[in-house]
Amino acid sequence: MPRYFLELSYKGEGYSGFQVQQNAVTIQAEVEKAFRIFFRKEVELTGSSRTDAGVHALQNYFHFDWNDGFPQASVYNLNAILPPAIVIKSVKEVKPDAHSRFHATAREYKYFIYDKKNPFIDDRAWYLPYTLDESLLNDCAQLVKNNLDFSAFSKRNTQVKTFQCSIAVSEWIKEDGCLVYHVQANRFLRGMVRGLVGTMVRVARGTMTFEAFETLLTQKALAAADFSAPAKGLFLVRVNYPEQLFLKP
């Protein structure tokens, strides 16, 4: 049976996360509902990367099997059914054993912070009207890049076998008038990026020492980090896959 990768973007505000949950409105539930309405049959979607309630994505993926051969023109119809906050960007055929989660080679996130009141980005960034020491933020980001075990930056009740992550990019940059934490890794733990941002901000505000942050990175206790950074500032920017997974049209 042919397999497809469905690429989508969404604003997470008002949704209880990416993947289906009981008695909750999620991105997956809305996409499956749109398939059900248009095609009059069920689709089983498998997600590439979970995002928490309120988190946004510029790019995320599902994979699904479709025995009729997926009609590309129906992307328009599905988008017409979906809520304004969700858009399907593409549906591409992949190899029959391709898996949107397990074959992802890297995931990339950005977290946005702004310090001057701006109603046009309030739902997509963290308003933090305080002076932040950007040199300390960058020092912390470098420590993150050199770290391997992120137990302290994982929330509890997570079903993973290891807390090790390989960080390829960890930096603070300026983008669209915001201070942005940019991070890329082979995998992320539940709440990890928000835990990193919230804790680094404490260092940059002077309420936590750089040495304490360095020590925290070596701790094995779960959820020891500061997870106060709100979900609305976080974007899943990109999910990378080997090119050979995709079949040529």
Side-chain angles (χ1 to χ4, degrees), residues 10 12 15-19 21 26-27 47-61 100-102 104-113 124-126 128 132 136-173 178-205 208 210 212-240:
Y10 52 87
Y15 292 97
S16 299
F18 184 57
Q19 293 187 304
Q21 305 170 40
T26 66
I27 303 300
S48 71
S49 184
R50 293 183 180 182
T51 54
D52 291 339
V55 174
H56 317 294
L58 299 181
Q59 184 185 67
N60 207 347
Y61 285 90
S100 61
R101 178 183 173 191
F102 298 132
T105 57
R107 294 168 175 86
E108 183 178 346
Y109 283 89
K110 287 183 178 180
Y111 192 97
F112 291 79
I113 295 174
R124 288 166 287 138
W126 183 13
L128 201 62
L132 300 179
L136 276 176
L137 286 176
N138 282 302
D139 289 344
C140 288
Q142 187 59 44
L143 281 182
V144 170
K145 188 176 179 180
N146 297 331
N147 197 56
L148 185 62
D149 189 296
F150 290 90
S151 300
F153 296 87
S154 172
K155 290 185 177 180
R156 294 186 175 90
N157 302 320
T158 182
Q159 298 175 342
V160 295
K161 296 179 180 179
T162 175
F163 294 93
Q164 293 189 347
C165 305
S166 179
I167 309 295
V169 177
S170 177
E171 61 182 358
W172 285 88
I173 58 176
C178 293
L179 184 61
V180 180
Y181 179 53
H182 174 215
V183 60
Q184 179 183 314
N186 64 327
R187 63 192 291 265
F188 287 89
L189 305 169
R190 182 168 173 259
M192 177 174 160
V193 180
R194 290 166 63 192
L196 286 168
V197 169
T199 311
M200 284 190 278
V201 163
R202 285 189 59 192
V203 176
R205 289 188 62 190
M208 180 180 187
F210 178 77
F213 180 79
E214 189 172 17
T215 300
L216 186 62
L217 282 168
T218 67
Q219 289 187 10
K220 305 297 183 184
L222 293 180
D226 185 324
F227 295 96
S228 60
K232 64 181 181 179
L234 183 59
F235 285 76
L236 174 59
V237 175
R238 186 175 293 108
V239 184
N240 294 339

Test item: Thr199 side-chain N/O and Asp226 main-chain N/O as donor-acceptor pair under 3.5 Å: yes
Taking every non-hydrogen atom, the tightest pair across Lys155 and Ala223: CA-CB, 4.4 Å
Set of side-chain hydrogen bond (donor to acceptor under 3.5 Å, both in side chains) partners for Gln19, sequence neighbours left out: Arg50
Minimum-distance pair of heavy atoms, taken over all atoms of Leu217 and Phe153: CD2-CE1, 3.5 Å
Tyr15 side, atom OH; Gln21 side, atom CD - distance, nearest 0.5 Å: 13.5 Å
Non-hydrogen atoms of Ala141 and Ser170 that approach each other most closely: O-OG, 2.8 Å
Trp126 side chain near Val201 side chain, heavy-atom distance below 4.5 Å: yes
Validation row: Arg101, Val239 side chains within 4.5 angstrom (heavy atoms): no
Asp139/Val203 under side chain to side chain contact (heavy atoms under 4.5 Å, CB included): CA gap, chis, key distance, verdict: CA-CA 10 Å; Asp139 289 344; Val203 176; over 6 Å; no
Evaluation steps, side chain to side chain contact (heavy atoms under 4.5 Å, CB included), between Arg187 and Thr162: CA-CA 11 Å; Arg187 63 192 291 265; Thr162 175; 3.7 Å; yes
Criterion side chain to side chain contact (heavy atoms under 4.5 Å, CB included) on Leu234 and Arg194, from CA distance to verdict: CA-CA 8 Å; Leu234 183 59; Arg194 290 166 63 192; 3.9 Å; yes
Pairing residues for Tyr111 by the ring-ring contact (aromatic ring centres under 6.0 Å, His included) criterion, not counting sequence neighbours: none
N/O donor-acceptor pair under 3.5 Å between Thr105 side chain and Asn240 backbone: yes
Considering all heavy atoms, the nearest Leu132-Arg205 contact: CD2-CG, 3.2 Å
Approximate separation, where rounding is to 0.5 Å, of Leu189 CG and Phe163 CZ: 6.5 Å
Minimum heavy-atom distance between Asp149 and Gln219, given as atom pair plus value: OD1-O, 4.5 Å
Distance (rounded to the nearest 0.5 Å) between Lys145 NZ and Glu171 CD: 8.0 Å
N/O donor-acceptor pair under 3.5 Å between Asn186 side chain and Ala106 backbone: no
Those residues that, when tested against Phe112, pass side chain to side chain contact (heavy atoms under 4.5 Å, CB included) (two or more places apart): Lys110, Ala125, Glu175, Cys178, Val180, Phe235
Working for side chain to side chain contact (heavy atoms under 4.5 Å, CB included), residues Ser154 and Met192: CA-CA 5 Å; Ser154 172; Met192 177 174 160; 6.0 Å; no
Distance-only polar pair, side chains of Ser49 and Tyr61, donor-acceptor under 3.5 Å: no
Partners meeting ring-ring contact (aromatic ring centres under 6.0 Å, His included) with Trp172 (sequence neighbours left out): Tyr181
Residues that Lys161 engages under salt bridge (Lys or Arg N to Asp or Glu O under 4.0 Å), provided they are two or more places apart: none
Side chain to side chain, Leu236 and Val55, heavy atoms closer than 4.5 Å: no
Under 3.5 Å donor-acceptor, Arg238 side chain and Glu108 backbone: no
Rounded distance [0.5 Å steps], CD in Gln142 versus CG in Leu137: 13.5 Å
Minimum side-chain heavy-atom gap Lys232-His56 below 4.5 Å: yes
Point-to-point distance, once rounded to the nearest 0.5 Å, from CD of Gln164 to CG of Leu148: 4.0 Å
Spacing of CZ belonging to Phe188 relative to CG belonging to Leu196, to within rounding of 0.5 Å: 8.5 Å
Min side-chain heavy-atom separation Ile167-Asn147 under 4.5 Å: no
Any Phe18 side-chain heavy atom under 4.5 Å of Asp52 side chain: no
Under 3.5 Å: donor-acceptor pair, side chain of His182, backbone of Val169: no
Side chain to side chain donor-acceptor pair (under 3.5 Å) between Ser48 and Asn60, worked out: CA-CA 7 Å; Ser48 71; Asn60 207 347; 2.5 Å; yes
Residues forming a side-chain hydrogen bond (donor to acceptor under 3.5 Å, both in side chains) with Asn138, sequence neighbours excluded: none
Residue pair Leu58 / Val237: nearest heavy atoms and the distance that separates them: CB-O, 3.9 Å
